[in-house]
Amino acid sequence: MDWNEVALHAKQWMLEAGGLLRDSLETSLTIETKSNASDLVTNMDRHIEQFLIEKILERYPLHRILGEEGYGNEEGSLQGTLWLIDPIDGTMNFVHQKRNFVISIGIYHNGQGKIGLVYDPVHDEMYSAVQGQGAYCNDTEIPKLKAGIVEESVIGINATWLTRNRMLDYERMGELVRRSRGSRSYGCAALEMVYVATGRLDGYITPRLSPWDFGGGAVILSEVGGIVTNFNGVALSPIEKGPILAARPGVYEELLTYVK
Ligand code: 2AM
Ligand code: CA
Ligand code: CA
Ligand code: CA
């Protein structure tokens, strides 16, 4: 498989889909809730997922697709080529802020990350990586990450995890945030992962993501020397949900001691 060619096609479809999303900001959306009152889905989440799936299957009929909104045909196997699609990552931002949302695509072959694509349509920024060829923001190569320390870091973490919860030791998270230079929460997992890749964040901690949330960002981050695992330091599986720790070297090892 020529992964560069696949990436080129995928980018083209994402740019087109991003245009649809930009246009939709001017129109009225249909908004529904899913698992709870703050878990939103809109007509555009479904429309963009269907749009991408049609494009993918038309050109690559044997590829499998796992998409958040359930239009994919994936049956939970690592064999062959698997596309992980999040048509809108950061739907709440899309609805409430009209910014800080992205389209995310990760392409895995026999379980290995081959392509990562994260498109921010509001800023017209396409973050991309093909395994072994570095990572880019539009046409500019993203430099490799240097090692860092928590005291000089900005950590991406949602304030929820600093309140009493079942997923993380919130008192330790409080200690971590106090020790760091500062914390930020963007409400868009794929964007937060590419922000670690570009150095806008030094680390990102989140206890429950699905493959379509991290699939694209993980490939991009790995290409610049970032580290991404679960809270036990184990590599992510593109077909399993779970916690995510992503950071530049040095900071990663320190953060692991807080979440283990
Ligand atoms: P989403 O916008 O595609 O749902 C902050 O909410 C981040 O966590 C977003 O990237 C969001 O993706 C993701 N997320 C994962 N599971 C979620 C859930 N059950 N409810 C809300 N956000 C979720
Ligand atoms: Ca969602
Ligand atoms: Ca998501
Ligand atoms: Ca989504």
Side-chain angles (χ1 to χ4, degrees), residues 1-14 17 34-35 39 41 45-91 102-119 127-133 135 167 188-190 192-194 197 204 206-223 226-246:
M1 184 67 63
D2 180 349
W3 299 113
N4 285 302
E5 192 202 288
V6 178
L8 219 58
H9 286 300
K11 273 188 210 175
Q12 217 42 58
W13 302 330
M14 288 169 86
K34 291 168 87 179
S35 63
D39 186 2
V41 62
D45 294 73
R46 299 197 175 105
H47 179 62
I48 297 296
E49 182 164 310
Q50 266 176 333
F51 170 88
L52 292 171
I53 287 174
E54 276 170 29
K55 298 282 187 195
I56 296 162
L57 292 180
E58 191 183 314
R59 184 164 285 272
Y60 303 111
L62 299 180
H63 289 188
R64 288 174 304 111
I65 303 170
L66 182 58
E68 177 176 11
E69 307 311 337
Y71 295 100
N73 51 358
E74 163 58 13
E75 281 147 24
S77 153
L78 288 174
Q79 290 309 302
T81 303
L82 173 64
W83 294 59
L84 304 173
I85 298 184
D86 197 340
I88 303 179
D89 187 41
T91 296
V102 298
I103 304 171
S104 177
I105 291 187
I107 305 175
Y108 288 70
H109 187 72
N110 295 338
Q112 268 208 331
K114 294 292 175 191
I115 296 170
L117 300 168
V118 172
Y119 182 52
Y127 299 90
S128 67
V130 177
Q131 187 192 33
Q133 297 180 26
M167 314 293 276
C188 176
E192 290 175 286
M193 291 180 76
V194 296
Y204 173 55
T206 186
R208 46 166 188 214
L209 290 186
S210 298
W212 47 79
D213 297 312
F214 63 74
V219 177
I220 294 168
L221 185 53
S222 303
E223 275 302 308
I227 306 165
V228 49
T229 67
N230 67 15
F231 287 172
N232 292 314
V234 177
L236 304 176
S237 159
I239 54 171
E240 281 171 42
K241 295 183 186 224
I244 305 290
L245 175 61

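Note that the coordinates shown come from a computational prediction; the quantities given were computed from them, not determined experimentally.
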A.B. asks: Under a 4.5 Å cut-off applied to non-hydrogen side-chain atoms, are Ser104 and Met193 in contact?
C.D. replies: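 They are not in side-chain contact.
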A.B. asks: Please find the pair of heavy atoms, one from Ser237 and one from Phe214, that lie closest to each other, and give the distance.
C.D. replies: O-CZ, 3.5 Å
A.B. asks: Assess the residue pair Gln133 and Asn4 against the criterion (side chain to side chain contact (heavy atoms under 4.5 Å, CB included)); give the C-alpha distance rounded to whole Å, side-chain angles, the decisive distance to 0.1 Å, and a yes or no.
C.D. replies: CA-CA 10 Å; Gln133 297 180 26; Asn4 285 302; 2.9 Å; yes
A.B. asks: Checking Asn110 side chain against Gly80 main chain: does a donor-acceptor pair fall under 3.5 Å?
C.D. replies: yes
A.B. asks: Output the distance between atom NZ (Lys55) and atom CD (Gln50), rounded to the nearest 0.5 Å.
C.D. replies: 13.5 Å
A.B. asks: For Gln12, look at atom CD and say whether over 12 heavy atoms of other residues, nucleotides or ligands are found less than 6.0 Å away.
C.D. replies: no
A.B. asks: Keeping Asp213 on the side-chain end and Ala189 on the backbone end, is there a donor-acceptor pair under 3.5 Å?
C.D. replies: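 Not confirmed, Asp213 side chain does not pair with Ala189 backbone.
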A.B. asks: I need the minimum non-hydrogen distance between Met167 and Pro207, along with the two atoms involved.
C.D. replies: CB-CB, 3.5 Å
A.B. asks: Compare every heavy atom of Leu57 with every heavy atom of His63, then report the nearest pair and how far apart it is.
C.D. replies: O-CD2, 3.6 Å
A.B. asks: So, for Glu223 and Ala129, which heavy atoms are closest and what is the spacing to 0.1 Å?
C.D. replies: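 Closest heavy-atom pair between Glu223 and Ala129: CG-CB, 3.7 Å.
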A.B. asks: Go through the steps to decide whether Tyr119 and Val102 satisfy the test side chain to side chain contact (heavy atoms under 4.5 Å, CB included), and finish with yes or no.
C.D. replies: CA-CA 5 Å; Tyr119 182 52; Val102 298; 5.8 Å; no
A.B. asks: Minimum heavy-atom separation for Thr81 and His109, please, with both atom names.
C.D. replies: OG1-ND1, 2.8 Å
A.B. asks: Quick check on side chain to side chain contact (heavy atoms under 4.5 Å, CB included): which of Ile48, Ile56, Ile103 does Ile85 satisfy it with?
C.D. replies: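 Answer to the side chain to side chain contact (heavy atoms under 4.5 Å, CB included) test with Ile85 among Ile48, Ile56, Ile103: Ile56.
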A.B. asks: Which word best sums up how the rings of Trp13 and Tyr60 line up, parallel for under 30°, tilted for 30 to 60°, or perpendicular for over 60°?
C.D. replies: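 Geometry flag for Tyr60 against Trp13: perpendicular rings.
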A.B. asks: Kindly indicate, with the supporting measurements, whether the criterion side chain to side chain contact (heavy atoms under 4.5 Å, CB included) is fulfilled by Leu82 and Ile239.
C.D. replies: CA-CA 9 Å; Leu82 173 64; Ile239 54 171; 3.7 Å; yes
A.B. asks: Judged by modelled atom types alone, do Thr91 and Asp45 share a side-chain donor-acceptor pair under 3.5 Å?
C.D. replies: yes
A.B. asks: With a 3.5 Å distance limit and no angle check, can you tell me whether Asn230 reaches the backbone of Asn232 through a side-chain donor-acceptor pair?
C.D. replies: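 It does hold such a pair.
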A.B. asks: Does atom NZ of Lys34 have more than 12 heavy-atom neighbours from other groups under 6.0 Å away?
C.D. replies: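 Count over threshold, so yes.
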A.B. asks: Drop me the distance from His47's NE2 to Ile88's CD1, to the nearest 0.5 angstrom.
C.D. replies: 10.5 Å
A.B. asks: Is it true that a side-chain atom of Glu49 and a backbone atom of Glu69 form a donor plus acceptor pair closer than 3.5 Å?
C.D. replies: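 At least one qualifying donor-acceptor pair exists.
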A.B. asks: With Pro211, which of Asp86, Leu84, Leu236 fulfils side chain to side chain contact (heavy atoms under 4.5 Å, CB included)?
C.D. replies: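 Running side chain to side chain contact (heavy atoms under 4.5 Å, CB included) over Asp86, Leu84, Leu236 with Pro211 returns exactly one hit, Leu84.
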A.B. asks: For Val118 and Gly216, which heavy atoms make the closest approach, and how far apart are they?
C.D. replies: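 Heavy-atom minimum between the residues: CG2-C, 4.3 Å.
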A.B. asks: Would you sort out whether Tyr108 and Val219 count as a side chain to side chain contact (heavy atoms under 4.5 Å, CB included), showing the intermediate values?
C.D. replies: CA-CA 9 Å; Tyr108 288 70; Val219 177; 3.7 Å; yes
A.B. asks: Only one of Ile220, Leu117, Ile115 passes side chain to side chain contact (heavy atoms under 4.5 Å, CB included) with Ser128; say which it is.
C.D. replies: Leu117
A.B. asks: I'd like to know if the side chain of Arg59 reaches the main chain of His9, judged simply by a donor and an acceptor atom lying under 3.5 Å from each other, with no hydrogens or angles considered.
C.D. replies: no
